[in-house]
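These numbers come from a predicted model, not from an experiment.
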Amino acid sequence: MRQQDILTTFEDYLRYEKRYSEHTLEGYLRDIAQFTAYLLRQYDLLDLTLVTHQHIRSWVVSLLRQENKTITVRRKMASLTHLFKWMRRKAILTTNPMLKVHLPKPPERLPKSLPETTLNRLWKSFETDVPTGSYSATRNQVMLGLLYGSGLRRSELIGLRWADVDFARMMLRITGKGRKSRFVPVSDEVLRLLAVFRDQVPADWPHGNVDRVVLTNSGKPCYPKFVYNIITQMLGTVTTAEKKSPHVLRHSMATHLMDHGAELNAVKEILGHSSLAATQIYTHNSISRLRDVYHKAHPAAGETAPEPLGDKQHKRFLTDKNT
């Protein structure tokens, strides 16, 4: 089987069987294209069936020498992992070369979130600062309410349709990663805002677009940079934090839920995570907050909180069944 035939069939697998989004699909194909270009340039190799773990290790070293971040290298390796697993399953390969590749350890990164008071201040600013009847102003508030209030990903916000809004049950039907559907709650306040917003859609806009909840000022479907720019601009009015993005609102929502005692499994379902491992990272911020509250309020705790738990200690703390 020729290399191009392998890659074309693999693309079809990702698109039609795995049902990955266009954004995810482009990322996988771009990483694999970079790898095949490296093989040709470095080894004059045009046959993926002849790839060994040495070839892949060599590419990892090359990427690190080019000062790529560890997380970037790991993402590229994930693309190759999917490719070679699929090739092995299809009997195109007899062994998977990725099995002997050890990836660089990722840095410990905690999700950035904004304080509740900051986001509440931004939300309340719409009541007095936003012109009444302005479609774009109401839309911006809707975007904030859905990204923070319901924890949507940017792609999920862009793809949300009016048919997905269940006003009676106060729920949203969200199509997330891998085209998986889930239902997430939406607050009374945001629902009332959505009802007003729906009536503000100009009647002369193209009919084919108005089934989507969030549109541009000209009635066209939103795109990632459009959402990013608006959210960054809004957050810039209330915070000087370096991280100001749609995803920060999602992180903030999850962190605040944990702060208020939400169950980990419930947060996992709302966010649409495939496993608890992705959700568990939010417990770190909540545990730190609880420790601060304890040492400030408990009469026997002392005035000074101890040093934060180290990474290994924290992991043991989270997994200790006797705690």
Side-chain angles (χ1 to χ4, degrees), residues 23 67-72 74-75 106-130 136-158 160 176 184 186-187 189-190 193 214 222-262 264 267-268 270-273 278-296 305 307-311 314:
H23 178 74
E67 298 185 354
N68 283 280
K69 293 181 179 179
T70 302
I71 192 169
T72 301
R74 291 181 64 89
R75 191 205 69 233
E108 291 288 342
R109 295 199 312 168
L110 294 178
K112 301 292 184 182
S113 63
L114 297 173
E116 289 183 65
T117 53
T118 298
L119 293 173
N120 286 336
R121 188 166 70 252
L122 176 59
W123 182 260
K124 290 179 180 178
S125 72
F126 283 95
E127 299 174 359
T128 55
D129 296 340
V130 171
S136 60
T138 310
R139 179 205 57 218
N140 294 352
Q141 189 177 7
V142 165
M143 289 166 59
L144 175 65
L146 293 175
L147 289 168
Y148 173 62
S150 297
L152 303 191
R153 299 179 178 94
R154 179 170 50 179
S155 60
E156 294 169 350
L157 173 72
I158 292 172
L160 186 66
V184 300
V186 59
S187 69
E189 194 170 6
V190 175
L193 181 66
V214 180
C222 280
Y223 48 92
K225 187 64 175 176
F226 177 84
V227 176
Y228 178 86
N229 287 342
I230 289 178
I231 295 300
T232 301
Q233 183 179 13
M234 283 197 295
L235 292 179
T237 64
V238 292
T239 181
T240 57
E242 183 181 350
K243 281 283 188 177
K244 296 186 288 288
S245 69
H247 218 64
V248 166
L249 292 175
R250 177 174 160 89
H251 289 324
S252 299
M253 181 261 204
T255 300
H256 299 162
L257 283 178
M258 296 298 298
D259 286 347
H260 288 284
L264 194 62
V267 178
K268 168 183 173 292
I270 291 173
L271 296 179
H273 287 161
T279 316
Q280 200 171 35
I281 191 169
Y282 295 107
T283 62
H284 186 285
N285 289 336
S286 297
I287 289 170
S288 297
R289 178 180 174 277
L290 288 174
R291 290 173 64 253
D292 289 341
V293 170
Y294 172 80
H295 285 283
K296 288 178 181 177
E307 290 296 317
L309 293 174
D311 295 332
H314 176 63

> Got a second to check how far F126's CZ is from L144's CG, nearest 0.5 Å?
Replying inline: 5.5 Å
>> According to ring pair (Phe, Tyr, Trp, His ring centres under 6.0 Å), who are the partners of H256, at least two apart in sequence or on a separate chain?
In response: Y148
>> Please enumerate all residues that pass salt bridge (charged side-chain N to carboxylate O under 4.0 Å, His left out) together with R75, with sequence neighbours excluded.
In response: D31
> Distance from T255 atom OG1 to H260 atom NE2, nearest 0.5 Å?
Replying inline: 11.0 Å
>> If you apply the rule side-chain contact (heavy atoms from CB on, under 4.5 Å), what do you find for M143 with N140, and how did you get there?
In response: CA-CA 5 Å; M143 289 166 59; N140 294 352; 4.2 Å; yes
>> So, taking the atom named CG in L122 and the one named OG1 in T239, what distance separates them when rounded to the nearest 0.5 Å?
In response: 10.0 Å
>> Ignoring hydrogens, what is the shortest heavy-atom contact between S245 and L235? Give both atom names and the distance.
In response: N-CD1, 3.9 Å
>> Working to the nearest 0.5 angstrom, can you tell me the gap between I158 CD1 and L152 CG?
In response: 11.0 Å
> Say you draw a straight line from CG of L257 to OG of S252; how long is it, rounded to the nearest 0.5 Å?
Replying inline: 11.0 Å
>> Could you work out, with side chain to side chain contact (heavy atoms under 4.5 Å, CB included) as the rule, every residue matching S136, not counting sequence neighbours?
In response: S134, R139, N217
>> With side-chain contact (heavy atoms from CB on, under 4.5 Å) as the criterion, how do S150 and V190 come out once you've worked through the C-alpha distance, each side chain's angles and the decisive distance to 0.1 Å?
In response: CA-CA 10 Å; S150 297; V190 175; 5.9 Å; no
> Among all residues two or more places apart in sequence or in another chain, which pass the side chain to side chain contact (heavy atoms under 4.5 Å, CB included) test with N68?
Replying inline: L63, Q66, T72, V73
> What's the verdict on side-chain contact (heavy atoms from CB on, under 4.5 Å) for H23 and R154, showing C-alpha distance, side-chain angles and the deciding distance?
Replying inline: CA-CA 12 Å; H23 178 74; R154 179 170 50 179; over 6 Å; no
>> Among residues at least two apart in sequence or on other chains, which ones pass side chain to side chain contact (heavy atoms under 4.5 Å, CB included) with A278?
In response: H273
> Out of curiosity, L147 CG to L119 CG, how far, rounded to the nearest 0.5 Å?
Replying inline: 11.0 Å
> Which pair of heavy atoms, one from L271 and one from G151, lies closest together, and at what distance?
Replying inline: CD2-O, 4.0 Å
>> Test: ring-ring contact (aromatic ring centres under 6.0 Å, His included). Region: residues 229-252. Which pairs qualify, not counting sequence neighbours?
In response: H247-H251, H251-Y282
>> Tell me every residue that passes salt bridge (charged side-chain N to carboxylate O under 4.0 Å, His left out) with R153, counting only those two or more places apart in sequence or in another chain.
In response: E156
> Checking side-chain contact (heavy atoms from CB on, under 4.5 Å) for the pair L114/V238: CA distance, chi angles, key distance, verdict?
Replying inline: CA-CA 10 Å; L114 297 173; V238 292; over 6 Å; no
Determine all donor-acceptor pairs shorter than 3.5 Å in which one atom belongs to a side chain in residues 226-233; sequence neighbours excluded.
{"residue": "N229", "atom": "ND2", "partner": "K225", "partner atom": "O", "Å": "3.3"}
{"residue": "T232", "atom": "OG1", "partner": "Y228", "partner atom": "O", "Å": "2.7"}
{"residue": "T232", "atom": "OG1", "partner": "K244", "partner atom": "O", "Å": "3.0"}

